[in-house]
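Computation of the quantities below employed the complete heavy-atom set of this structure, encompassing side-chain atoms and omitting hydrogens, waters and symmetry-equivalent molecules. All figures in this text were calculated on a predicted structure; none of them were measured in a lab. Along the sequence shown, residues are numbered consecutively beginning with 1.
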Amino acid sequence: MSAAHDRLHRGGLIALGTAGFVTILTEALPAGLLPQIGADLHVGEAFAGQWVSVYALGSLAAAIPLTNATRHWPRRNVLLAAILGFALANGVTAMTESFTVSLVARFVGGVSAGLLWALLAGYAVRLAPQRLAGRAMAIAMAGTPVALSIGIPAGTVLGQWAGWRLAFAALSGIAIVLAGWMRLRLPDFPGEEPAGRPSLREVFALPGLRPVLLLTLCFVLAHNILYTYIAPLLAGAGLAGQTDRVLLTFGIAGLASIAVTGALIDRHLRLMTGLGILLFVGAAVLLGTSATALAIYTAALAWGLGFGGAATLFQTASARAAGNAADVAQAMIVTAWNLAIAGGAFMGGALLDRLGVTALPWSAFALLLVAGAAMPKGRRGTLST
């Protein structure tokens, strides 16, 4: 299907959204199960949190080189390879008794995520007419808030009731079913022709791309400092038994955010990005100044509203800046995103051990100020000129 068609390929976009769901759930599910994982594998919570770091490092290491190496491959084959990587990684994670082996499996999952995220935005754009590209990307990214609002709370409850291993085994099964669905239902597209395609250096130098990368890095770093260690943060506020409900509040708000983003992104990209930063800043201040249940749930709501559309916003901005080199630009966004995930887990763990949970929201606040400053003045519908 070409961009000249006037309708969205909703079936293909839903398949892409489901792939995003599996990716986010694989990445973030440990946040709600750190005590169980640490106890079962005989490590502390801060050390167990490095599951998130290793996953992110896999994405960080793979996104740009793998995307560049596979630019000429048929797009569906690359997507299928990434999805089957999730099936393998989550299956091994569910079965192993070794913390070291689990780290290797998490790294493989991260490699798959780096490749998939680099492809998702460009694939979505090719399934839609140009005037609906932002909406198509919002549908393809809808798996993120669904994973956060439904998948992670459900996975957390399943892990608490039946064991965390069953939750990861279920993820492996979902990935296998998804691979079959994509093979049968998702349209295929050719890769890039080698002649005339820009180098990595040329893509990085494109106007408007570097500010988006800096914004992504700071925003996601702030998010992961808080999200990775949400369980100890809530325990410090006396809400240790409400992790699943707080995550549900965050996720439902994120789902609402992605719906609003999909409706407005094609006309108001910059406005939506600035509003997301502002909402997240408010959430960080609330978390840093009050430990009441009302403040925590209000912060989760604002945080979810600010974060829910972030992936769509940042990837749309980078795709607009990169044009025909969108897949490589997405790989750079994925690299920045996962550098932030890894950095958030490392920094959050260090802050938790040395300064306690009260340092987490203020560190996020400082990073969000940098993110806001990274937004350049730009014309309507873009982040930069």
Side-chain angles (χ1 to χ4, degrees), residues 23-34 37-38 44-63 103 106-107 109-110 113-114 117 144 147-148 152 212-236 243 246-247 250-251 254 276-277 279-281 283-285 287-288 299-300 302-304 306-308 310-311 314 332-372 374:
T23 307
I24 291 295
L25 204 54
T26 301
E27 171 195 317
L29 186 57
L33 297 171
L34 284 185
I37 293 169
E45 286 185 31
F47 200 28
Q50 302 318 308
W51 264 27
V52 179
S53 298
V54 171
Y55 182 94
L57 288 173
S59 295
L60 185 64
L103 290 178
R106 292 289 295 174
F107 185 85
W117 283 126
T144 297
L148 295 173
I152 291 176
V212 177
L213 292 172
L214 178 59
L215 169 59
T216 301
L217 179 67
C218 294
F219 189 93
V220 182
L221 186 58
H223 168 76
N224 280 281
I225 284 175
L226 292 176
Y227 198 87
T228 304
Y229 297 100
I230 189 65
L233 181 64
L234 294 177
T243 300
V246 172
L247 291 177
F250 170 86
I277 295 172
L279 284 165
F280 196 176
V281 166
V285 171
L287 291 171
W303 180 10
F307 186 79
F314 301 158
M332 293 178 181
I333 287 288
V334 170
T335 300
W337 192 287
N338 286 282
L339 180 61
I341 293 173
F346 281 126
M347 290 177 61
L351 289 166
L352 183 63
D353 281 343
R354 297 179 185 180
L355 300 177
V357 295
T358 57
L360 300 179
W362 293 114
S363 299
F365 174 81
L367 286 162
L368 290 167
L369 294 184
V370 178

Asks: How long is the straight-line distance from CG of Leu29 back to CD1 of Ile37, given to the nearest 0.5 Å?
Replies: 7.0 Å

Asks: Could you tell me the separation between the CD1 atom of Ile277 and the CG atom of Leu367, rounded to the nearest 0.5 Å?
Replies: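 So the CD1 of Ile277 and the CG of Leu367 are separated by 12.0 Å.
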
Asks: List the atom pairs, donor and acceptor, that lie under 3.5 Å between side-chain atoms in residues 353-361 and the rest of the protein, sequence neighbours left out.
Replies:
none

Asks: Which heavy atom of Trp362 sits nearest a heavy atom of Gly288, and at what distance?
Replies: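 Trp362 and Gly288 have their closest heavy atoms at NE1-O, 3.4 Å.
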
Asks: Is there a side-chain contact (heavy atoms from CB on, under 4.5 Å) between Leu226 and Phe280 once you walk through the steps?
Replies: CA-CA 11 Å; Leu226 292 176; Phe280 196 176; 3.9 Å; yes

Asks: Please state whether the rings of Tyr227 and His223 are parallel, tilted or perpendicular, taking 30° and 60° as the class boundaries.
Replies: parallel

Asks: Shortest non-hydrogen contact from Gly349 to Tyr229?
Replies: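 Looking at all heavy atoms of both residues, the closest pair is N-CE1, 3.2 Å.
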
Asks: Once rounded to the nearest 0.5 Å, what's the spacing between atom CG of Leu103 and atom CZ of Arg106?
Replies: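 So the CG of Leu103 and the CZ of Arg106 are separated by 9.0 Å.
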
Asks: What I'd like to find out is whether the side chain of Phe346 reaches to under 4.5 Å of the side chain of Thr228, using heavy atoms alone.
Replies: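 With C-beta onward as the side chain, the pair stays apart.
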
Asks: How long is the span from the CG atom in Leu287 to the CH2 atom in Trp303, to the nearest 0.5 Å?
Replies: 7.0 Å

Asks: Between Leu217 and Ala336, what is the shortest heavy-atom contact and its length?
Replies: CD1-O, 3.6 Å

Asks: Considering non-hydrogen atoms only, spot the tightest contact between Thr243 and Ala231 and give its length.
Replies: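 Looking at all heavy atoms of both residues, the shortest contact is OG1-CA, 4.2 Å.
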
Asks: Taking all non-hydrogen atoms of both residues into account, name the closest pair between Ser363 and Ile225 and its distance.
Replies: CB-CD1, 4.3 Å

Asks: Can you name the nearest heavy-atom pair linking Ala340 to Asn224, along with the distance?
Replies: O-CB, 4.1 Å

Asks: May I ask you to check whether Phe314 and Phe219 place their ring centres under 6.0 Å from each other?
Replies: yes

Asks: About how many Å separate CG of Leu339 and OG1 of Thr216, when rounded to the nearest 0.5 Å?
Replies: 11.5 Å

